Enquirer: 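A single structure is presented below for examination.
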Amino acid sequence: MSKLILFGGKGGVGKTTTSAAVAIWTASQGLNTLVVSSDPAHSLGDSFGRQIGNVPTPIVGVANLWAVEMDPRQTMAKLAPKLTEALANPLKALGIDEELDMSGDDMMLPGLDEALAFDFLLRFVESQDYDIIIFDTAPTGHTLRFLSLPNLTDRWISRMMRFRDQLTKLKSLFIKKKDTGLEVLEQFKRRVEHIRRFLANEKFTSFYIVLIPELLAVEESRRAKTILASYGIPVKGAVVNNIVPENDACRLCQSRHRSQMRHLTAIRKEFAGLQLAEVPVFDTEIHGIESLQLVSAKIMGERQLDIQGKKSLEKEYDAEEGIFHVRLFYPETQKSDLQLKTQGNILNITLYGVTSMVEVPFKVDPKKVQAQFMDDYLNITVQR
Ligand SMILES: Nc1ncnc2c1ncn2[C@@H]1O[C@H](COP(=O)(O)OP(=O)(O)OP(=O)(O)O)[C@@H](O)[C@H]1O
Ligand SMILES: [Mg+2]
């Protein structure tokens with residue numbers, strides 16, 4: 001399982017730049033890194049100066065780095081056709097075959113697009129292909145709206161049920177059909193709850209706020225911290241971007257610098273005890289790998305952000321002893337969440353419905369496979 005790093009913050013503060021720069025750094029540490037963007041404007045591709053597709057695309061020129069731009073509509077159609085149907089036609093999902101105008105805003109489930117984006121994201125997290133996943137998020141407000149989805153789904157479902165009951169009385173319809181659509185919604189709700197638990201677990205998820213030292217920035221980040229905390233998601237720190245350096249030769253710069261310093265002092269206080277990176281404003285455009293490396297040196301160089309990576313999968317073969325070892329990062333997992341299957345020389349490891357295939361250098365005898373959870377890791381040994 002990968003570690004997940006999220007950068008949230010207001011529009012235009014440097015979330016995409018920060019995500020790309022930190023990704024370059026983690027990749028340089030030998031960690032397989034995937035950056036996921038949900039921005040339809042393809043800003044991540046612009047930042048890297050590379051074309052990025054809607055499947056993980058290697059970033060040419062940077063080892064261990066991939067990026068993917070998700071297409072929310074496509075994601076929705078592919079991942080959740082039944083859910084889409086259930087939502088597009090809620091009454092049908094509830095067993096009513098009436099043609100009704102369901103186009104009102106209050107019939108829509110709010111936050112659904114973000115929820116599907118997170119679902120898409122988690123499928124990468126749950127695979128063993130990457131050690132670190134960085135999510136270039138939408139502005140904080142949007143991200144947060146999604147987090148209240150389990151409650152919203154509940155309320156939405158009960159509203160639809162009430163609606164159905166009224167309609168039933170009104171038209172004295174007999175509804176005998178099973179609520180298959182409702183089942184899909186319930187399943188989806190459970191999935192969202194799982195995502196929320198994952199986001200709230202410090203072992204998996206690190207949330208950072210990106211901000212610019214200006215008026216209201218402190219209040220806004222305080223508000224974001226409080227709301228995130230109410231969902232159980234701790235903020236690990238912040239990246240203060242676009243800091244104007246001292247410059248005696250430039251009056252405008254000096255005055256901006258002085259006003260920023262006041263806000264910066266307040267931000268340092270607000271984030272005391274947490275990780276804080278301070279990034280200057282660059283006089284060139286941040287575009288392409290080289291300029292991102294300059295940003296990355298500022299964010300990570302002096303270890304201002306303390307990002308610790310773990311290999312999500314390590315394997316080793318002791319040919320002499322005939323023992324094959326696999327070690328997978330699976331914190332908070334229980335044996336009941338896990339399924340192990342063997343097929344020839346392939347070990348199929350399934351967790352939360354996502355299967356990873358591990359190749360073993362010999363044919364596996366299922367009786368000679370041992371699995372044990374220890375210190376956030378799943379250790380598997382296969383005897384030849
Ligand atoms: N430290 C910096 N110095 C100079 N330019 C910067 C710096 N940080 C970001 N930029 C530039 O500012 C612009 C906005 O940055 P970015 O796209 O990273 O913001 P964002 O928070 O992702 O925006 P959005 O909310 O629209 O997604 C970009 O053109 C980027 O190159
Ligand atoms: Mg962006």
Side-chain angles (χ1 to χ4, degrees), residues 4-26 33-52 54 57 59 65 67-72 113-114 117-118 120-121 133-146 207-214 216-217 220-221 223-224 228 235 237-247 250 252-253 256-257 259-261 263-264 267 276-302 304-305:
L4 178 65
I5 303 173
L6 300 148
F7 292 104
K10 268 177 47 178
V13 291
K15 298 179 295 294
T16 301
T17 307
T18 303
S19 305
V22 170
I24 288 179
W25 185 85
T26 55
T33 303
L34 174 71
V35 198
V36 182
S37 163
S38 60
D39 186 352
H42 304 294
S43 54
L44 187 64
D46 291 343
S47 186
F48 278 123
R50 301 276 192 275
Q51 193 88 27
I52 295 169
N54 57 12
T57 314
I59 299 296
L65 184 58
V68 56
E69 276 170 345
M70 60 171 96
D71 175 345
D113 38 353
E114 286 99 13
F118 272 88
F120 178 81
L121 185 74
I133 309 258
I134 296 177
F135 190 31
D136 171 18
T137 65
T140 316
H142 284 266
T143 320
L144 298 177
R145 190 175 65 163
F146 144 74
F207 198 106
Y208 294 94
I209 293 174
V210 184
L211 73 170
I212 292 172
E214 56 190 20
L216 304 180
E220 268 159 20
S221 59
R223 203 162 43 226
L228 282 163
V235 171
V239 175
V240 191
N241 193 20
N242 279 354
I243 298 179
V244 178
E246 272 216 276
N247 182 353
C250 157
L252 179 69
C253 315
R256 284 206 62 196
H257 171 76
S259 111
Q260 278 199 348
M261 280 306 121
H263 302 305
L264 188 59
I267 292 168
L276 192 68
E278 298 178 5
V279 182
V281 63
F282 288 88
D283 55 8
T284 53
E285 263 194 64
I286 312 288
H287 175 75
I289 309 296
E290 268 176 43
S291 57
L292 284 170
Q293 274 164 340
L294 297 176
V295 180
S296 146
K298 290 292 173 194
I299 303 177
M300 304 300 307
E302 291 110 51
Q304 294 178 302
L305 289 198

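Residue numbers count from 1 along this sequence. When a ligand or atom number is given, it counts from 1 through the structure's own listing order. The model shown is predicted, which means the values in this text are computed figures rather than measured ones. Computed from heavy atoms alone, side chains included, the values below leave out hydrogens, waters and symmetry copies.
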Enquirer: Please round to the nearest 0.5 Å and tell me the distance separating atom CG of L292 and atom CD1 of I59.
Expert: 10.0 Å

Enquirer: Does ligand 1 have an atom under 4.0 Å from some heavy atom of S47?
Expert: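 Outside the 4.0 Å threshold, so no.
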
Enquirer: Using a 4.0 Å heavy-atom cut-off, which part of A41 comes near ligand 1: side chain, backbone, both, or neither?
Expert: neither

Enquirer: Could you name the option among V13, T17, T18, V240 that has the heavy atom nearest to atom 30 (C) of ligand 1?
Expert: T17

Enquirer: Pick, from V295, I299, I212, I286, the option with the minimum heavy-atom distance to atom 5 (N) of ligand 1.
Expert: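 Nearest heavy atom to atom 5 (N) of ligand 1 lies in I286.
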
Enquirer: Where's the contact between D136 and ligand 1, heavy-atom distance under 4.0 Å: side chain, backbone, both or neither?
Expert: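 Neither; no heavy atom under 4.0 Å.
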
Enquirer: Is the closest side-chain heavy-atom distance between E69 and D39 below 4.5 Å?
Expert: no

Enquirer: If you measure every N/O of V279 against every N/O of ligand 1, is any gap under 3.5 Å?
Expert: no

Enquirer: So, S47 versus T16: side-chain donor-acceptor pair below 3.5 Å or not?
Expert: no

Enquirer: With sequence neighbours left out, write down each residue that passes ring pair (Phe, Tyr, Trp, His ring centres under 6.0 Å) with F48, or none if nothing qualifies.
Expert: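 Expected list: none.
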
Enquirer: Does the side chain of I243 reach to within under 4.5 Å of the side chain of V279, using non-hydrogen atoms?
Expert: no

Enquirer: Roughly how far, to the nearest 0.5 Å, is the CD1 atom of I5 from the CZ atom of F207?
Expert: 12.5 Å

Enquirer: Could you tell me, atom by atom, which parts of ligand 1 come under 4.0 Å of a heavy atom of N241?
Expert: 1 (N), 2 (C), 7 (C), 8 (N), 9 (C)

Enquirer: So which atom in L44 and which in A20 form the shortest heavy-atom distance, rounded to 0.1 Å?
Expert: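 So the minimum-distance heavy-atom pair works out to CD1-CB, 4.3 Å.
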
Enquirer: Show the nearest heavy-atom pair for residues P280 and N241, with the distance to one decimal.
Expert: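 That would be O-OD1, 4.3 Å.
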
Enquirer: Can you list the ligand 1 atoms lying under 4.0 Å from a non-hydrogen atom of N242?
Expert: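 Close to N242: 1 (N), 2 (C), 3 (N), 6 (C), 7 (C), 8 (N).
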
Enquirer: Out of all atoms in ligand 1, which are within 4.0 Å of some heavy atom of G11? Include the element for each.
Expert: 25 (O)

Enquirer: Who are the salt bridge (charged side-chain N to carboxylate O under 4.0 Å, His left out) partners of E278, not counting sequence neighbours?
Expert: R268

Enquirer: Residues two or more places apart in sequence or in another chain: which of them pass side-chain hydrogen bond (donor to acceptor under 3.5 Å, both in side chains) with D46?
Expert: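 D46 satisfies side-chain hydrogen bond (donor to acceptor under 3.5 Å, both in side chains) with no other residue.
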
Enquirer: Tell me whether G14 has any N or O atom under 3.5 angstrom from an N or O of ligand 1.
Expert: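 Right, the criterion is met.
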
Enquirer: Under 2.8 Å from the Mg ion (ligand 2), which protein N, O or S atoms are there? Could you list them by chain and number?
Expert: T16 OG1

Enquirer: Looking at every non-hydrogen atom in both residues, tell me the closest pair between S19 and V35 and how far apart they are.
Expert: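 Closest heavy-atom pair between S19 and V35: CB-CG1, 4.3 Å.
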
Enquirer: What do you reckon, does S43 put a non-hydrogen atom under 4.0 Å from ligand 1?
Expert: no

